[in-house]
Q: 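Pasting in a structure now, in structure tokens, and then I'll have a few things to ask.
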Amino acid sequence: MGWTRRGMLGAGIALGAMPPFAWGAPAAPFLASSFPLSAVRLKPSIFLTSVQANQRYLLSLDADRFLHNFHAGAGLPTKGKVYGGWESRGIAGHSLGHYLSALSLIYAQTGDPQFRDRAAYIVGELKAIQAKQGDGYAGGTTVERDGKTVDGKIIYEELRRSEIRSTGFSLNEGWVPLYTYHKVMAGALDAHLHAGMKDGLAVAIGLGDYLGTIVEGLSDAQVQDILRTEHGGLTESYAELYKRTGNRRWLNLSERMRHHSIVNPLQAGRDELAGKHANTQIPKIVGEARLHELTGNADRAKVAQFFWATVTRDHSYVIGGNSDHEHFGLPRQLAQRLDQQTCEACNSYNMLRLTRHLYSWNGDASYFDFYERAHLNHIMSQQDPKTGMFTYFTGLASGMARVHSNPTEDFWCCVGSGMESHSKHGESIYWKRNDAVAINLYYASTLNAPEAQLDMDTAFPLDNMVRIAVTKAPKKLALRVPGWCTTPVLQVNGKAAGVLEHGYLMLTGLKTGDRITLSLPMPVRVESMPDDAKLIAFLSGPLVLAGDMGPSERSWEGVDPALVTDQSAPALVAAGGLHHYRLGEQGKPGDLTLRPFFAQHENRTAVYFRRFDTAEWQTERVAWERGAKERADLAARTIDVIRLGEQQPEVDHGFADSGGSEAVSHVADRSRIVNKGFFEFDLAVAPGPMALQIVYSGGQRDKDFRILIDGKQLAREGLTGKITSARNVQTYALTADMARGKSKIRVRVEADTWQGVEVYVARTIRTQAT
């Protein structure tokens with residue numbers, strides 16, 4: 001994965017103010033609750049296609065390969081070889097928990113018994129593993145001790161003895177073991193809830209008990225020290241155990257797992273998120289919401305609501321996702337945080353979970369303006385429906401392409417959450433809202449429940465017409481009016497109907513056989529970055545539009561597309577069909593086709609566009625186009641180039657390392673990490689003055705490593721200067737004797753300690769223009 005952790009409201013999303021709900025008010029009875037997945041069936045649509053692709057992927061996976069470390073750690077015979085990627089590293093085991101959740105969810109979504117059977121097999125194996133362990137433990141993590149890889153249970157026993165060494169992603173030198181532990185616990189709870197397995201609850205209780213005995217033996221200060229390391233949603237899981245058993249021990253443990261340094265500032269209404277790993281925090285806040293629901297504690301509600309409002313308003317991009325390089329930045333400072341590592345998919349997965357909780361407290365329709373946006377534009381863009389594979393990041397810089405997971409060799413965190421996200425597209429369509437049935441998402445589906453039987457036909461979001469056939473009429477039917485739709489048209493049996501109440505068109509007096517039609521016109525609108533009014537994005541109804549910049553396999557090194565117009569909200573040119581437009585003559589350096597961002601799985605895209613006033617363009621044009629000229633000049637002066645992290649270029653250049661170099665494979669522009677040790681490669685040289693140019697990440701500074709040419713030190717690099725989202729390009733002059741009589745040189749990047757620096761490209765160049 002590389003150097004990162006597992007290695008819009010704020011961007012102008014005009015969803016309005018926070019819903020009219022007093023922060024900290026007791027939850028009392030839920031105003032809204034979603035119908036269970038088992039009552040909803042998806043009809044042919046992009047959502048059913050996604051679920052079916054995920055079904056094929058889940059069935060292609062081998063549960064015994066996920067269970068390998070669990071069996072080995074318990075001293076039981078292993079039944080399958082460990083998968084690659086993260087599963088072959090210290091974080092192994094998290095995928096099993098996600099997989100178990102996904103199997104349980106997709107069983108509920110489809111009713112296909114083979115998914116329940118596979119979930120039941122995993123639960124049975126976990127029970128056997130717990131029995132062999134003798135104390136409720138079951139885990140797949142590993143850790144190094146004395147140069148050997150050993151079972152991760154040793155970490156927990158060290159904690160029991162008050163031996164605590166905690167950093168952001170390392171607990172007693174283990175890679176986020178509590179994060180992985182939570183995933184397994186959550187999977188067991190999902191098997192109980194969605195697949196009806198009593199043994200799922202038994203496994204979760206065993207896991208909760210083992211860890212609970214450790215936590216109960218430590219002081220509050222020691223627990224808070226442990227919680228500095230990412231630990232997933234343990235607060236929520238313990239709260240769930242309390243809900244399902246009534247045992248107050250689990251509630252006490254849930255409260256003790258609250259991370260005070262995170263939740264206390266939020267409770268006080270302070271945004272101190274800048275610099276913090278985004279997805280580490282969101283599950284903690286879901287836990288706060290769950291505690292509020294179970295206890296009525298007003299402070300827990302305030303934390304959840306303030307966090308949600310802050311992230312959606314001040315830290316989110318136009319597609320509804322958040323974070324850059326997995327971290328929050330300064331509030332409403334997003335224009336300089338556009339690159340290939342924006343919008344980690346896990347973040348939106350968890351923000352949607354949090355949104356469901358908050359909506360259930362008061363049923364305010366505006367929560368679903370965010371939900372719909374993030375689900376359609378981020379979650380639906382994450383999965384390639386042809387292969388079922390998932391992205392980690394969704395790069396929003398111009399020219400970025402999506403990088404999808406390998407079926408067996410990655411297993412990033414976002415592969416795990418992706419398995420779940422695309423197992424449950426029906427979970428938030430239909431809700432019970434007071435005495436009404438509410439439809440919050442217009443996804444083609446059927447509802448079969450005691451309260452109502454409905455059949456919804458629509459191609460939404462690719463069409464604006466919704467047709468609903470009533471088989472069993474509810475007392476009331478509430479149809480959400482999206483915030484982007486100002487002129488909905490509702491008819492029952494061809495006649496105008498419905499009364500608008502608090503964001504819903506309300507229908508009463510329905511009867512079996514009624515036919516409802518709802519038209520939701522989808523206007524094009526413009527949204528700008530909160531810190532740069534001239535950096536804009538376009539939306540058509542619920543969908544973010546993106547410029548099509550060609551197939552992803554073709555490299556893109558052109559000028560970022562821009563607009564020259566004096567209109568603050570530029571109009572697009574219709575290009576035939578809903579959601580298809582062109583920039584027209586205002587587009588620079590030329591016209592560009594725009595279509596829904598989520599669907600461009602195999603393209604390079606442009607989401608945000610720089611807008612220049614007509615007069616401004618006369619002075620800025622030269623600077624804007626200079627980049628293209630500089631790239632052309634660099635290409636002309638290049639003798640040889642290697643793109644680090646890509647297999648063929650490394651093979652072609654004789655790449656070798658000391659054994660610990662990591663290739664970053666989850667982003668569009670691959671790279672290599674400067675670890676302790678070295679990596680090296682060949683580059684061709686030519687007569688005349690030359691230099692070595694290396695492209696580093698702009699976000700990594702104050703380092704210490706060396707660059708050697710054929711064994712002789714060329715430079716000792718510290719990467720000083722200001723952190724930036726732009727690449728850090730450094731050029732090192734080569735002396736004449738370094739290349740004299742040679743056709744190539746051997747370049748080595750070497751460090752005495754782990755540096756975590758990303759190296760993208762290295763090239764030899766002529767220092768005089770050709």
Side-chain angles (χ1 to χ4, degrees), residues 8 11-12 46 49 317-321 338 340 342-343 373 376-378 380-386 391 394-404 459-464 484 521-529 534-612 617 621 624-625 627-628 631 668:
M8 156 140 288
I46 59 172
T49 297
Y317 298 88
V318 69
I319 66 169
L338 284 174
Q340 64 173 336
T342 47
C343 298
R373 180 182 296 236
L376 289 178
N377 296 291
H378 192 189
M380 291 303 293
S381 74
Q382 183 209 7
Q383 181 210 49
D384 182 343
K386 292 181 180 178
T391 63
T394 300
L396 295 182
S398 292
M400 287 294 103
R402 297 171 200 172
V403 174
H404 295 91
F460 184 93
L462 303 180
D463 187 72
N464 60 16
W484 46 262
M522 298 181 175
V524 175
R525 62 196 187 281
V526 173
E527 293 183 359
S528 63
M529 280 290 196
K534 288 191 174 181
L535 191 58
I536 62 175
F538 294 93
L539 296 96
S540 174
L543 296 180
V544 174
L545 301 177
D548 180 347
M549 301 179 70
S552 56
E553 63 266 19
R554 191 172 69 209
S555 64
W556 181 83
E557 295 182 349
V559 178
D560 287 355
L563 295 142
V564 177
T565 174
D566 293 325
Q567 294 181 312
S568 59
L572 297 176
V573 179
L578 189 63
H579 307 312
H580 285 69
Y581 296 90
R582 295 187 296 108
L583 293 180
E585 294 183 357
Q586 64 189 340
K588 304 297 177 187
D591 195 4
L592 192 65
T593 298
L594 282 75
R595 51 195 182 86
F597 171 74
F598 86 88
Q600 298 196 53
H601 300 287
E602 299 173 355
N603 284 2
R604 295 184 181 274
T605 56
V607 174
Y608 285 97
F609 299 85
R610 171 66 57 190
R611 183 182 71 82
F612 295 96
W617 180 243
R621 178 175 183 174
W624 186 256
E625 294 180 347
R631 282 189 284 268

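Values in this document were obtained by computation on a predicted structure and should not be read as measured data.
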Q: Verify side chain to side chain contact (heavy atoms under 4.5 Å, CB included) between Val564 and Gln586, making sure each step is shown before the conclusion.
A: CA-CA 5 Å; Val564 177; Gln586 64 189 340; 5.6 Å; no
Q: Indicate the atoms forming the closest heavy-atom contact of Pro461 with Ile46, along with that distance.
A: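 Looking at all heavy atoms of both residues, the shortest contact is CD-CD1, 3.8 Å.
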Q: Would you name the heavy atoms of Val544 and Val318 that are closest together and state the gap between them?
A: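 Heavy atoms of Val544 and Val318 come nearest at CG2-O, 3.6 Å.
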Q: Check whether any side-chain heavy atom of Lys588 lies under 4.5 Å from a side-chain heavy atom of Phe612, and answer yes or no.
A: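 Counting from C-beta outward, Lys588 and Phe612 never come under 4.5 Å.
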Q: Should Leu539 and Leu545 count as side-chain neighbours, where that means a heavy-atom distance under 4.5 Å?
A: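 A side-chain contact under 4.5 Å is absent here.
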Q: Let me confirm one number: the CH2-CG distance from Trp617 to Leu563, rounded to the nearest 0.5 Å.
A: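 Here the interatomic distance stands at 10.0 Å.
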Q: Ignoring hydrogens and angles, state whether a donor on the side chain of Ser540 or His579 is under 3.5 Å from an acceptor on the partner side chain.
A: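 A donor-acceptor contact under 3.5 Å links the two side chains.
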Q: Do Asp548 and Thr605 come within less than 4.5 Å of each other through their side chains, counting heavy atoms only?
A: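 No, every pair of side-chain atoms sits at 4.5 Å or beyond.
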Q: Has His378 got a side-chain atom pairing as donor or acceptor with Cys343's backbone, closer than 3.5 angstrom?
A: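 Between the backbone of Cys343 and the side chain of His378 there is a qualifying donor-acceptor contact (under 3.5 Å).
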Q: Taking Asn464 for the side chain and Pro521 for the main chain, is one N or O donor matched with an acceptor at less than 3.5 Å?
A: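 Not at all, since once roles are kept as given, no pair shorter than 3.5 Å links the two residues.
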Q: What are the two closest heavy atoms between Leu592 and Gly547, and how far apart are they?
A: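 Scanning both residues completely, I find the closest heavy atoms to be CD2-CA, 3.7 Å.
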Q: Flag the pair Arg610 and Asp560 as a salt bridge only when some basic side-chain nitrogen lies within less than 4.0 angstrom of an acidic carboxylate oxygen.
A: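 Not counted as a salt bridge, because no side-chain N and carboxylate O are separated by less than 4.0 Å.
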Q: Please check: side-chain N/O of Thr342 versus main-chain N/O of Leu338, any donor-acceptor pairing under 3.5 Å?
A: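 Checking the backbone N and O of Leu338 against the side chain of Thr342, no donor-acceptor pair under 3.5 Å is found.
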Q: Does a side-chain N-to-carboxylate-O contact under 4.0 Å join Arg402 and Glu602?
A: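 A salt bridge is absent here (no side-chain N lies under 4.0 Å from a carboxylate O).
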Q: Is there side-chain contact between Phe538 and Arg525, with heavy atoms separated by less than 4.5 Å?
A: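 No - every pair of side-chain heavy atoms lies 4.5 Å or more apart.
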Q: Between Trp484 and Phe460, what is the ring plane arrangement, given parallel below 30°, perpendicular above 60°, and tilted in between?
A: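 Trp484 and Phe460: parallel rings.
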Q: Is there a side-chain contact between Tyr581 and Val524 in this structure, where contact means two heavy atoms from C-beta onward sitting under 4.5 Å apart?
A: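 They are in contact (side-chain heavy atoms under 4.5 Å apart), so the answer is yes.
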Q: Measure the shortest side-chain to side-chain distance between Val607 and Phe597 over non-hydrogen atoms and say whether it is less than 4.5 angstrom.
A: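 Yes. Closest side-chain heavy atoms under 4.5 Å.
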Q: Can you give me the closest heavy-atom contact between Met400 and Gly395, atom names plus distance?
A: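 Shortest heavy-atom contact: CB-O, 3.7 Å.
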Q: Looking at Arg554 and Arg604, what are the two nearest heavy atoms and their distance?
A: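 Closest heavy-atom pair between Arg554 and Arg604: O-NE, 2.8 Å.
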Q: For residues Val573 and Leu583, determine if any side-chain heavy atom of one lies less than 4.5 Å from a side-chain heavy atom of the other.
A: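 A side-chain contact is absent here, since even the closest heavy-atom pair is not under 4.5 Å.
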Q: In terms of side-chain geometry, is the basic nitrogen of Arg373 or Glu527 positioned less than 4.0 Å from the acidic oxygen of its partner?
A: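 Yes, charged N to carboxylate O under 4.0 Å.
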Q: Supply the atom-to-atom distance Phe598 CZ to Gln383 CD, rounded to the nearest 0.5 angstrom.
A: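 Going from CZ on Phe598 over to CD on Gln383, the span is 11.5 Å.
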Q: Between Arg611 and Ile536, is there a donor-acceptor pair closer than 3.5 Å when you use the side chain of the first and the backbone of the second?
A: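 Side chain of Arg611 to backbone of Ile536, a donor-acceptor pair under 3.5 Å: no, none is there.
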Q: Less than 4.5 Å apart, any side-chain heavy atom of Thr394 and any of Ser381?
A: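 SC-SC contact between Thr394 and Ser381 confirmed.
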Q: First locate atom NE2 of His601, then atom NE2 of His404, and finally report the distance between them rounded to the nearest 0.5 Å.
A: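 Answer rounded to 0.5 Å: 6.5 Å.
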Q: Please report the interatomic distance OG(Ser398) to CZ(Phe609), rounded to the nearest 0.5 Å.
A: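 It is 6.5 Å, given to the nearest 0.5 Å.
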Q: Say you draw a straight line from OG of Ser552 to CD of Gln600; how long is it, rounded to the nearest 0.5 Å?
A: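 Those atoms lie 11.0 Å apart.
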Q: Counting only N and O atoms by type, is there a donor-acceptor contact under 3.5 Å from the side chain of Gln382 to the main-chain atoms of Thr391?
A: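 Here the side-chain-to-backbone pair exists.
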Q: What are the two closest heavy atoms between Pro570 and Val526, and how far apart are they?
A: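 Looks like O-CG2, 3.8 Å.
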